[in-house]
Amino acid sequence: MKEFKRYTVTAALPYANGPKHIGHLAGAYIPADVYVRYLRSMGKDVLFVSGSDEHGTAIPNQALKEKTTSRAIIDKYHVQIRDCFRKLGIAFDIYHRTSEPIHHETSQEIFLNMFNKGLLDEEISEQYYDDEAKAFLADRYIVGTCPRCGHTNAYGDQCEKCGSTLSPRELINPRSTLTGNVPALRETKHWYLPLEKYEHWLQEWILKGHAKDWKVNVYGQCKSWIDAGLQSRAMTRDLDWGIKVPLPEAEGKVLYVWFDAPIGYISATRAFFREVSLGKLEFAQPQRSFGLVQPEDWKKYWQDKETKLVHFIGKDNIVFHCIIFPIMLHAHGDYIVPDNVPANEFMNLEGDKMSTSRGWSIEMHEYLEDFPDKPDVLRYCLLANLPETKDSEFTWKDFQSRNNNELVAILGNFVNRALVLTQKYFDNKVPHRSTLDTIDIKAIEVLRVLPSRIAQSLEYFHFREATAGLLDLARLGNKYLADTEPWKLIKSDPVRVGTILNLALQIVANLGIVAEPFLPFSAKKINEMLNRKPETWIDAGSDVLMAEGHALGVSSLLFEKIEDGVIVQQLEKLHNKKLGIETEVYSSMPLKDEITFDDFAKLDIRVGNVLKAEKMEKSSKLLKLIVDTGVDHRTILSGIAQHYTPEEMVGKQVTLIANLKPRKMMGIESQGMILMAEDAKGKLKFLQPSDIVSPGAVVS
RNA sequence: GGCGCGGUAGCUCAGGUGGUUAGAGCGUUGGAUUCAUAACCCAAAGGUCGGGGGUUCAACUCCCCCCCGCGCUACCA
């Protein structure tokens with residue numbers, strides 16, 4: 001493995017439009033923090049940056065929802081997320097935010113640099129413009145009738161009713177959400193990054209250069225994108241929230257959020273060195289001594305080939321961190337590109353996908369409210385279950401069992417045993433070590449190799465394996481005590497017991513070092529109980545960390561058991577939250593505009609019998625149904641393939657709109673629409689009369 | 001439908017370039033023990049490695065087909 005002079009480690013910028021949950025922690029922040037703490041302990045020159053991502057259309061959207069301003073939204077969530085990270089021990093050197101002036105400057109500089117080098121293509125297209133608001137409308141600010149399902153409040157980019165991905169031009173009767181006016185099409189100019197020009201470079205850099213050292217999931221995802229062929233992407237948007245495009249002709253335009261967000265890592269680094277060099281810390285919180293620094297020192301961390309750049313992210317960010325941002329850095333020319341992007345998969349929760357909007361999540365602040373003194377327990381559980389190679393699962397029962405059977409019973413118990421025995425037999429002082437037996441020498445050998453084995457795992461981003469190694473170190477201690485049985489020997493051979501406990505305490509001291517990256521709060525506690533200053537990883541594996549005669553501190557329990565009741569409560573809380581959100585979602589779905597009876601009478605709703613049903617070729621959602629409507633036998637395509645098999649549908653009575661304008665889908669005309677109800681999980685159920693009626697029966 | 005990643009003991013997961021009896025932790029069962037938060041320590045039971053073909057002296061590991069989960073993408077209620 002190549003040796004680097006220094007490390008720049010980034011953790012994904014959390015989007016400041018809402019709270020972040022433990023899945024985000026597992027995906028990026030915890031592994032990044034462990035990695036960085038380990039590097040620091042090894043004495044490496046490492047800088048750990050992150051910050052809030054505060055631009056993009058979803059911020060004003062959230063402001064609309066919470067009936068406040070975009071500024072208020074980012075201020076609220078920036079503080080909330082930052083504080084949660086702090087309480088969980090995520091030790092950033094700086095946690096910045098993209099709304100800061102230095103970030104705007106940096107982003108504009110990079111944009112201008114690329115623009116001046118001719119790296120960006122100009123393209124003119126037609127987009128909706130609201131005359132009254134004097135603004136181009138971002139996709140989300142246009143609503144209209146969905147051309148697919150007829151939903152009257154579909155957004156310009158997506159219909160939330162049917163899930164269709166739309167473009168604003170497709171909407172029927174579009175209107176602006178700002179003023180309610182009908183928007184007009186106007187020409188607008190945007191700047192595109194021609195990703196396809198860098199395909200060859202990506203092939204060399206990733207497909208050839210990182211075939212072995214990148215994780216398969218990351219590599220596979222990149223290969224998939226590159227092989228599919230890349231397309232030019234707009235790097236600017238018509239929006240009033242974001243970083244102004246620094247060109248005179250770009251009034252009212254901002255940088256695309258995915259252009260500026262990753263630059264946030266760079267601007268955070270700039271902010272860090274500026275603040276530290278001035279001695280005025282606002283966002284920076286240096287976690288180690290950086291010595292005398294200059295504002296320009298940020299360049300070493302981004303432009304020197306001897307710097308190893310590592311991005312920690314979740315799998316949803318792979319394309320941006322492995323394709324788009326590296327292309328930006330490479331095209332610009334002054335910057336290094338990431339050496340590795342150890343993206344994790346997703347963590348599920350109690351058998352279902354985690355989702356803040358669906359209420360199926362454990363938000364960081366919720367956990368910290370309920371378990372304020374247990375940040376390490378969460379860190380441990382997430383580390384032990386990290387979705388490194390595939391989606392993994394967090395359950396409260398596992399949380400309890402990890403805590404009770406591993407942290408309490410193995411790690412905490414060993415530390416407690418060693419300390420209590422020393423208190424009892426040797427007046428709380430490190431006893432003298434005399435001649436070593438074979439069993440002692442064997443234990444010392446294991447002690448010597450375990451930390452380097454853990455280090456090895458960390459270097460390769462195998463965090464689960466490393467975490468297991470930490471527990472093995474405690475197991476070594478437990479086994480050593482069980483094998484030597486000092487409590488039996490104390491009467492007959494106190495000198496031997498001294499040797500045994502001396503060694504046991506050396507193992508505890510090692511735990512104080514090795515546990516630090518994983519369980520920083522507990523490691524601190526261990527060192528306090530040992531009454532010693534923390535040491536670096538370089539000392540790990542040593543069997544002479546604790547000097548003879550050294551007085552130990554006051555011992556207390558590292559971890560406490562979690563009772564069944566606590567777990568039951570959390571499960572209830574989770575289910576209640578989900579129910580609450582579901583009813584909220586249903587009740588907040590606004591009623592559609594009032595219609596007259598005549599409007600209603602236009603609809604020809606009938607009951608039909610499904611005569612035939614078959615899967616549509618090349619479609620995963622559509623079933624082709626032949627329905628007896630009483631007046632005819634017609635073909636209706638229905639997107640229920642994921643909910644009903646063709647066999648299930650045959651012979652069923654359904655309700656349909658018989659006079660809907662036919663629509664062609666996948667080359668076949670659908671002559672009507674089957675009415676379906678959707679439950680909270682997105683499952684579709686068809687509507688049926690309570691008793692069998694004749695096909696063609698009119699619904700009114 | 002296309003592409004990517006997965007499908008290994010009851011549960012959560014390890015198993016570069018194919019090679020003796022397929023591993024770990026938890027759980028279960030049994031034993032030992034009492035210094036320790038009834039914790040620790042030892043041992044055992046438990047898997048036809050998603051299914052079916054093929055290549056090979058030999059496949060969890062390579063190739064083909066199929067099924068299931070997740071993601072991206074297309075089409076879409």
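Basis for what follows: all heavy atoms, side chains included, without hydrogens, waters or symmetry-related copies.
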Under 3.5 Å, side chain of A/Gln221 to main-chain N/O of A/Lys315, donor-acceptor pair present?
->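 Looks like no, no N/O pair under 3.5 Å.
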Indicate yes or no for a side-chain donor-acceptor contact from A/Asn404 to the backbone of A/Ile562 under 3.5 Å, with no hydrogens or angles considered.
->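 Confirmed, A/Asn404 side chain pairs with A/Ile562 backbone.
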How are the rings of A/Phe461 and A/Tyr35 set to each other: parallel, tilted or perpendicular (split at 30° and 60°)?
->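 Ring orientation of A/Phe461 relative to A/Tyr35: tilted.
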A/Ile562 CD1 to B/C26 P, straight-line distance once rounded to whole Å |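 Rounded to whole Å, this separation is 17 Å.
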Checking all strands, does [X] fall into the base, sugar-phosphate, or nothing category for heavy-atom contacts under 4.0 angstrom?
X: A/Glu345; answer: nothing
X: A/Lys353; answer: sugar-phosphate
X: A/Ser392; answer: sugar-phosphate

Side chain of A/Lys315 only, please: which of B/C26, B/G71, B/A14 is the nearest?
->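 It is B/G71.
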Side chain of A/Thr389 (C-beta onward), nearest among B/C70, B/C41, B/A14 =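 Closest nucleotide to the A/Thr389 side chain: B/A14.
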For A/Asn609, which residues count as a side-chain hydrogen bond (donor to acceptor under 3.5 Å, both in side chains) partner, sequence neighbours excluded?
->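 Checked A/Asn609 against side-chain hydrogen bond (donor to acceptor under 3.5 Å, both in side chains); matches are A/Gln653.
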What residues, two or more places apart in sequence or in another chain, satisfy side-chain hydrogen bond (donor to acceptor under 3.5 Å, both in side chains) together with A/Thr356?
->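 A/Thr356 satisfies side-chain hydrogen bond (donor to acceptor under 3.5 Å, both in side chains) with A/Glu363 once adjacent residues are dropped.
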Go through the side-chain N and O atoms of A/Asp564 and A/Gln400 and say whether any donor and acceptor fall under 3.5 Å apart.
->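 Per modelled atom types, A/Asp564 and A/Gln400 side chains form a pair under 3.5 Å.
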Which residues, if any, of residues 492-503 of chain A bring a heavy atom under 4.0 Å of RNA chain B?
->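 Hits under 4.0 Å, by residue number: none.
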Does A/Glu406 or A/Glu465 map to a spot on RNA chain B nearer the 5' end, using the closest nucleotide for each?
->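 With A/Glu406 and A/Glu465 compared, the 5'-side residue is A/Glu465.
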Summary of protein contacts for nucleotides 30-40 of chain B, nucleotide by nucleotide, where a base hit scores B, a sugar-phosphate-only hit scores S (4.0 Å, heavy atoms) | ---SSBBB-SS
Only distances under 3.5 Å count here; give the side-chain donor-acceptor pairs of residues 418-425 of chain A to other protein atoms, sequence neighbours excluded, each with its distance to 0.1 Å.
residue	atom	partner	partner atom	Å
A/Thr422	OG1	A/Ala418	O	2.7
A/Gln423	NE2	A/Ser555	OG	3.0

Nucleotide pairing, RNA chain B (Watson-Crick or G-U, distances under 3.5 Å), in dot-bracket with [ ] and | = (((((((..((((.....[...)))).((((.........)))).....(((((..]....))))))))))))....
